[in-house]
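One structure is given below, encoded as structure tokens.
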Amino acid sequence: MAAFAQSAAQAGNKPARLEWFRDQGLGLFIHWSADSQLGTIISHSLAGASDEYVERYYRDLPKTFDPTHLEPDALARLASLAGFRYMVFTTKHHSGFAMWNTKTEPFSIAHTPYGKDITQQLFTAFRDQGLATGVYFSPDDFRWLHENGKQIQRLVPEVQPSTNPGLLALDQAQMTELMKGYGPVSVVFFDGEAKGLREIAWKLQPDTVVTRGAIETPEQNVPGAPLPGAWEANMTIGSAWGFQPSDEKFKSVQDLLNILIQTRARGGNLLLNIGLEPDGSLPKEQEDRMRTLGSWMFINSDAIYATRPWVVTNEGNLWFTQSKDHRELYVIAQGEENTAQWKRGTTREFVLKTVRATPKTTIDLLGQNDKLVEYRPGVDPKSTFHQEADGLHIRVMRAQRLRDSDEWPYPSVVRLTNVAEAFNPPTVRTLAPTRSGNTVTLRGEWKNAVDAPGARFGFDYRIITGEDTQSRLHGWQHLPLQPTSKPGSYTAEFQPAAGEQYEVRAVLAHPLLTIYGEPVALP
């Protein structure tokens, strides 16, 4: 996850617009370009490719790109139904293929059998459905590099726009086209060096929010702790960004919901990606997941839109968001090992350690009226709560019929109003590791808290060798936790494998919840 100089990079993002952005919660990312016809990774197959491959790519793919089954209105209606509040479209990915009728170069949708301006069509359709529209733009134009005799690659100084005036001029002309000719652009995502480009976006459309290039945008992972201010996780529905006809592994709806819930509990937006087929249609596996996500959002979107983090992100499998005015607290019963399965007419009871009731507290389950269970006139589903010394006890029944089977396999949301905080969470920091030969000493600290008998402190690590600075594809590995009950500083020894790059984070397994420090790279 790249660390931007926030004060400088965010200068053009208006505070009011960042607050608007935080309220949206869920955005739709669309990765699509001419190489969807190949079913390979979008753009990146050009890096390290032979000259013959590169020439064929740029010569032949525009001749056969004809997405005659693109239905912008249908896609926008589906996105609206599924609960998305904004979209971000890949107007130009790293290959340099422009998905709008640019006047800057011929490698664009205008010079294909299709010919029509796809960016304009999508923006019009999504705005008609009330969704904000956004531009993804890659400053790393592989076609420009190839034509100018440079190796196709990313994230090295010799290919950056700042060291190639011709490339920067091309990018600036294209950004000017997009910001002048396509109506209100609410979001801009720069997948590469943004300096000299984000200023154009802010000048021409002062209300736009620059995400990548100005705020944190972790890719394919959700940070272990809330990040300050506005941020956005961007994730794929499957394993690939663009369309891949085979070998694709799709996330389950439960996994997607867990990602959304944990992102919102930590204060971020989720930008969830789809990849259209070469003919413009949406793969059925992706459509099915969007529709099921929509059924959940139709019931529970109050816990997603215009919310902020609670005093803690979660108590075990119970995750929290709260309304901006702090009046409503949402307790999202996220499941593991089928614990989300909740049969209609049955109750569940929870004890919340971090929440305290007040004389004005109320309780209900989102989506239902708490008055009846269909065909069971003798059952009272009314939600209840009572305060005890060990926490707030709540009892809720799933009464609403959402499946023919009476099972609801997805998280349910309890709404509490006018509650108070009952816990001051500790602060966990990952300190800079030190190295001696092949051994690295990991360092972390636990501060600002009272003693917690039963707590444990330790470290996680993951390999980041060869990854984009934004992307984290490998999961965390866990070193043994040390039993401890007191705040303080802690260390552990770690021996990294030769030639690998790592990042680490401190972990506090507190009796109420697990808290993570920010990741730090190993020396």
Side-chain angles (χ1 to χ4, degrees), residues 23 25-26 80-85 130 253-254 256-258 260-261 264-265 290-308 310 314-315 317-335 338-352 354-388 391-420:
D23 289 347
L26 181 60
S80 177
L81 178 67
F84 293 92
R85 284 290 187 87
V253 173
Q254 182 69 63
L256 294 173
L257 285 171
N258 289 349
L260 173 61
I261 291 162
R264 291 305 283 158
M290 287 178 67
R291 291 195 180 280
T292 306
L293 174 64
S295 67
W296 189 88
M297 288 291 291
F298 197 82
I299 302 162
N300 299 300
S301 59
D302 284 354
I304 300 299
Y305 302 142
T307 59
R308 300 293 185 267
W310 174 239
N314 64 295
E315 295 184 35
N317 290 335
L318 302 177
W319 289 77
F320 300 101
T321 61
Q322 65 173 327
S323 59
K324 285 200 303 182
D325 61 7
H326 306 292
R327 183 178 180 275
E328 297 177 323
L329 177 68
Y330 300 99
V331 185
I332 309 170
Q334 182 194 46
N338 296 320
T339 57
Q341 294 278 0
W342 195 342
K343 191 169 184 178
R344 190 171 66 97
T346 62
T347 60
R348 295 181 70 178
E349 298 184 8
F350 310 107
V351 180
L352 305 179
T354 66
V355 185
R356 178 171 54 81
T358 72
K360 295 183 178 180
T361 296
T362 65
I363 185 173
D364 66 343
L365 199 68
L366 290 187
Q368 65 186 42
N369 62 16
D370 265 16
K371 294 181 179 179
L372 63 85
V373 180
E374 188 182 23
Y375 307 136
R376 302 182 192 181
V379 175
D380 180 7
K382 185 175 177 59
S383 302
T384 62
F385 66 89
H386 65 277
Q387 186 72 54
E388 298 287 350
L392 180 63
H393 292 239
I394 62 177
R395 180 180 183 275
V396 286
M397 176 182 290
R398 167 145 294 289
Q400 188 179 17
R401 190 173 187 182
L402 298 170
R403 287 286 191 269
D404 293 76
S405 64
D406 271 349
E407 300 282 352
W408 180 239
Y410 306 117
S412 296
V413 181
V414 179
R415 174 169 49 197
L416 294 162
T417 68
N418 301 305
V419 295

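- Side-chain contact between Ile299 and Trp408 is present, with at least one heavy-atom pair separated by less than 4.5 Å.
- Across all non-hydrogen atoms, the minimal contact from Arg403 to Thr292 is NH2-CG2, 4.1 Å.
- Summarising the geometry of Ala333 relative to Phe350, their closest heavy-atom pair is CB-CZ, 4.2 Å, with the distance given to 0.1 Å.
- Each of Val413, Val331, Asn314 was compared with Trp319 under the side chain to side chain contact (heavy atoms under 4.5 Å, CB included) criterion, and only Asn314 meets it.
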Exercise for the section: Apply the test side chain to side chain contact (heavy atoms under 4.5 Å, CB included) to residues Gln322 and Leu329: give CA-CA distance (whole Å), side-chain angles for both, the deciding distance (0.1 Å), then the verdict. Expected result: CA-CA 4 Å; Gln322 65 173 327; Leu329 177 68; 4.1 Å; yes
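- Tyr330 is not listed as a side-chain neighbour of Asn300, based on a closest heavy-atom distance of 4.5 Å or more.
- Using a distance-only test at 3.5 Å, with no hydrogens or angles considered, no donor-acceptor pair links the side chain of Glu315 to the main chain of Leu352.
- For the atom pair CD1 of Ile363 and NE2 of His386, the computed distance is 11.0 Å after rounding to the nearest 0.5 Å.
- Looking at Arg401 and Asp406, their side chains come closer than 4.5 Å, going by heavy atoms from C-beta outward.
- Judged as a side chain to side chain donor-acceptor pair (under 3.5 Å), and not counting sequence neighbours, Ser405 has no contacts.
- In this structure, the separation between CG on Leu256 and OH on Tyr410 is 10.0 Å, given to the nearest 0.5 Å.
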Exercise for the section: For Leu257 and Val253, run side chain to side chain contact (heavy atoms under 4.5 Å, CB included): C-alpha distance rounded to whole Å, both residues' side-chain angles, the deciding distance at 0.1 Å, then the answer. Expected result: CA-CA 6 Å; Leu257 285 171; Val253 173; 4.0 Å; yes
Side-chain donor/acceptor pairs under 3.5 Å, residues 371-382, sequence neighbours excluded:
| unit_1 | atom_1 | unit_2 | atom_2 | d |
| --- | --- | --- | --- | --- |
| Arg376 | NH1 | Arg344 | O | 3.2 |
| Asp380 | OD1 | Lys382 | N | 3.1 |

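- The main-chain N or O of Ala303 is found under 3.5 Å from a side-chain atom of Thr321 such that the two form a donor-acceptor pair.
- The nearest pair of heavy atoms linking Arg85 to Tyr305 is NH2-CD1, 3.0 Å.
- Pairs engaging residues 319-332 under the salt bridge (Lys or Arg N to Asp or Glu O under 4.0 Å) rule: Asp23-Lys324 [sequence neighbours left out].
- Contacts of Glu349 classified as salt bridge (Lys or Arg N to Asp or Glu O under 4.0 Å), with partners at least two apart in sequence or in another chain: Arg395.
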Practice task
Run the numbers on Met297 and Leu260 for side chain to side chain contact (heavy atoms under 4.5 Å, CB included), then give the verdict.
Solution key: CA-CA 11 Å; Met297 288 291 291; Leu260 173 61; 4.0 Å; yes
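- Here Gln400 contributes atom CD and Ser412 contributes atom OG; the two are 9.5 Å apart, rounded to the nearest 0.5 Å.
- Taking each heavy atom of Ile332 and Pro411 in turn, the nearest pair found is CG2-CB, 3.9 Å.
- For the atom pair CG (Leu318) and CD1 (Ile261), the distance works out to 11.0 Å, reported to the nearest 0.5 Å.
- Between Met290 and Phe84, some side-chain heavy-atom pair lies under the 4.5 Å cut-off.
- Residues satisfying the side chain to side chain donor-acceptor pair (under 3.5 Å) criterion with Arg291, sequence neighbours excluded, are Glu287.
- Distance check, rounded to the nearest 0.5 Å: CD1 of Ile304 to CH2 of Trp296 gives 4.0 Å.
- For the pair Trp342/Val396, a side-chain contact is recorded, criterion being any heavy-atom separation below 4.5 Å from C-beta on.
- For the side-chain hydrogen bond (donor to acceptor under 3.5 Å, both in side chains) condition, the pairs that include at least one residue of residues 359-370, sequence neighbours left out, are Thr358-Thr361, Thr362-Thr417, Asp364-Arg415, Gln368-Asp370, Asp370-Ser383.
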